[in-house]
Protein chains: 2
Amino acid sequence: MAQEHVIHIEGNLAVPEVVVMRLPQYLRVLEALAEEGTEVVSSEQLGLRIETTPAQIRKDFSYFGKFGKQGRGYSVRYLLAELRHILKLDGEWKVGLVGVGRLGRAILSYQGFAPAGFKVVAAFDSDSRQIGQMVGGIMVQPMHRIQEVIQGEGIQIGIVAVPAADVQRVVDRLVECNVRAIVNYAPVAVHTPQNVKVRNVDPVLALQSMTFYLP
Amino acid sequence: MAQEHVIHIEGNLAVPEVVVMRLPQYLRVLEALAEEGTEVVSSEQLGLRIETTPAQIRKDFSYFGKFGKQGRGYSVRYLLAELRHILKLDGEWKVGLVGVGRLGRAILSYQGFAPAGFKVVAAFDSDSRQIGQMVGGIMVQPMHRIQEVIQGEGIQIGIVAVPAADVQRVVDRLVECNVRAIVNYAPVAVHTPQNVKVRNVDPVLALQSMTFYLP
DNA sequence: GTTTGTGAAGTATTTCACAGCC
DNA sequence: GGCTGTGAAATACTTCACAAAC
């Protein structure tokens, strides 16, 4: 296997983050292909679906092993299983939500997390009017119980849907509770130790980075 | 000004897209600084806020001109105005929403778009039970009126919050109506002509690209 | 003394192109 | 004949380092 600038860090192969960010997209296309009943797919066909080059796809896969057969392509089922394994998506992750406002409620009733392997098992809010309410089958807990619940339930991932002003405080709290992956819906950058991953889901940034290209 | 691989295309300077994607983040930090009453800021201070290097910030700005003063730094007010101008955020953009389900309703009542310069002025749905309802001060229109309304109101940007299966059809429709910037909330990749920008707002992809790094 | 703006240097990422295998 | 896997080449992006400006 190619080594390049690829090095071992704590027993884990250092794959470029851009590559990791593309894997879930490949996964999604493969899931669609599997549902359509396609059994074998080439890097070229995948490239058409995802609007990238066949070479990029093959190179991306090559960071993890050899999954195809020359002259044939990739077995959809096999590649799907391998990618799920690589991304650690072959099990179920438990997720805790902080913030049960309008957005938080939409998140709690969103049906797209479960089939992707993410189960929201707890929700927290600091507003006493929310606490104790049932939303999407989950009872809203007070913030002061967060450590207890996260550790009791074995929650590894946080979703933060609180006002911008509260985000950093909430994220710090989650980090204290040993959560190392956080999705932040608020339009603010947060600071975390580098062993904690944060992804922002931010429609305003998305809009503001497109207007540059508009006439 | 440095030329590098920077070339003119249809009278527009070809700035790397990564740079354009960072500008809104600088804008946000500058807005926070302005509110705090800070008048001058150095690339180093900006770098600390946004977790990047001073050199990157200076290089990014250099694609557009010279905005600072040696020995001093950048005037927050002036840089803010320049960045708003570069990103074409010194006016107001009109936005049309397609899909008034739970998510669409959360989007319509989200208070974060207006201060950023985006005004949602129309909403569409194909479900006859939604049509005619008032949501967030806007009356939901039937899909067949989309061209008429988009052109009548001068809408330049679309937000799509419909089920995955309908996204491509809706996006095609928006493109026909001359919309050239689209935010897609559904977990699917869409295909558009390359003069149409699409940004996905997708919490599932965000989650799936973090689990790789979890133990 | 401080900090910008920027060529040049250094990395990272993508694409090429082809040997090897099916 | 077709398609993968991969070094090597090409391109893109980031960081360095320093002259010029204040």
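We name chains A, B, ... by the order of the sequence lines, and we start the count at 1 in each one.
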message: Can you measure A:Phe61 atom CZ to C:dT15 atom C1' for me and round it to whole angstrom units?
response: 17 Å
query: Does a side-chain N-to-carboxylate-O contact under 4.0 Å join A:Asp202 and B:Arg28?
result: yes
message: Distance check, rounded to the nearest 0.5 Å: A:Leu30 atom CG versus A:Glu82 atom CD?
response: 12.0 Å
message: Rounded to the nearest 0.5 Å, what separates atom OG in B:Ser209 from atom CD in A:Gln25?
response: 9.5 Å
query: Which residue pairs satisfy the ring-ring contact (aromatic ring centres under 6.0 Å, His included) criterion with at least one member in residues 15-52 of chain B, sequence neighbours excluded?
result: B:Tyr26-B:Phe61
task: Give the rounded distance in Å between these two atoms: CD1 of B:Ile57 and P of C:dT3.
output: 14 Å
field: Residue A:Ser42, side-chain atoms from C-beta onward, closest of D:dT14, C:dG5, D:dT4
entry: D:dT4
message: Rounding to an integer number of Å, can you tell me how far A:Ile50 CD1 sits from C:dT14 P?
response: 12 Å
- prompt: Taking only residues at least two apart or on different chains, which pairs with a member in residues 98-123 of chain A satisfy salt bridge (charged side-chain N to carboxylate O under 4.0 Å, His left out)?
  reply: none
query: Taking protein heavy atoms under 4.0 Å as touching, what does nucleotides 17-22 of chain C look like 5' to 3' if B marks base contact, S marks sugar-phosphate-only contact and - marks none?
result: B--BBB
field: Options C:dT6, D:dC13, D:dT6, nucleotide nearest the side-chain atoms of B:Ser62
entry: C:dT6
field: Under 3.5 Å: donor-acceptor pair, side chain of B:Trp93, backbone of B:Val120
entry: no
Protein-nucleotide distance (B:Leu46, atom CG; C:dG5, atom P), rounded to Å: 12 Å
message: I want to check one thing: is the phosphate of D:dC3, taken as OP1 and OP2, less than 4.0 Å away from some side-chain N or O of A:Ser43?
response: no
field: Contact under 4.0 Å: B:Tyr74 side-chain N or O vs C:dG5 OP1/OP2
entry: yes
- request: Kindly say if B:Lys59 contacts the phosphate of C:dT4, meaning a side-chain N or O under 4.0 Å from OP1 or OP2.
  value: no
message: Between C1' on C:dA12 and CD on B:Gln56, what's the gap in Å once rounded to a whole number?
response: 13 Å
- request: Rounded off to whole Å, could you give me the CG-to-P distance for the A:Leu23 and C:dT13 pair?
  value: 14 Å
- prompt: To the nearest Å, how far apart are A:Phe64 CZ and D:dT4 C1'?
  reply: 17 Å
message: If I take atom CZ in residue A:Arg22 and atom P in nucleotide C:dT13, what distance separates them, rounded to the nearest angstrom?
response: 9 Å
- prompt: Is any side-chain nitrogen or oxygen of B:Tyr63 closer than 4.0 Å to OP1 or OP2 of D:dA12?
  reply: no
Lys/Arg N to Asp/Glu carboxylate O, B:Arg22 vs B:Asp60, below 4.0 Å: yes
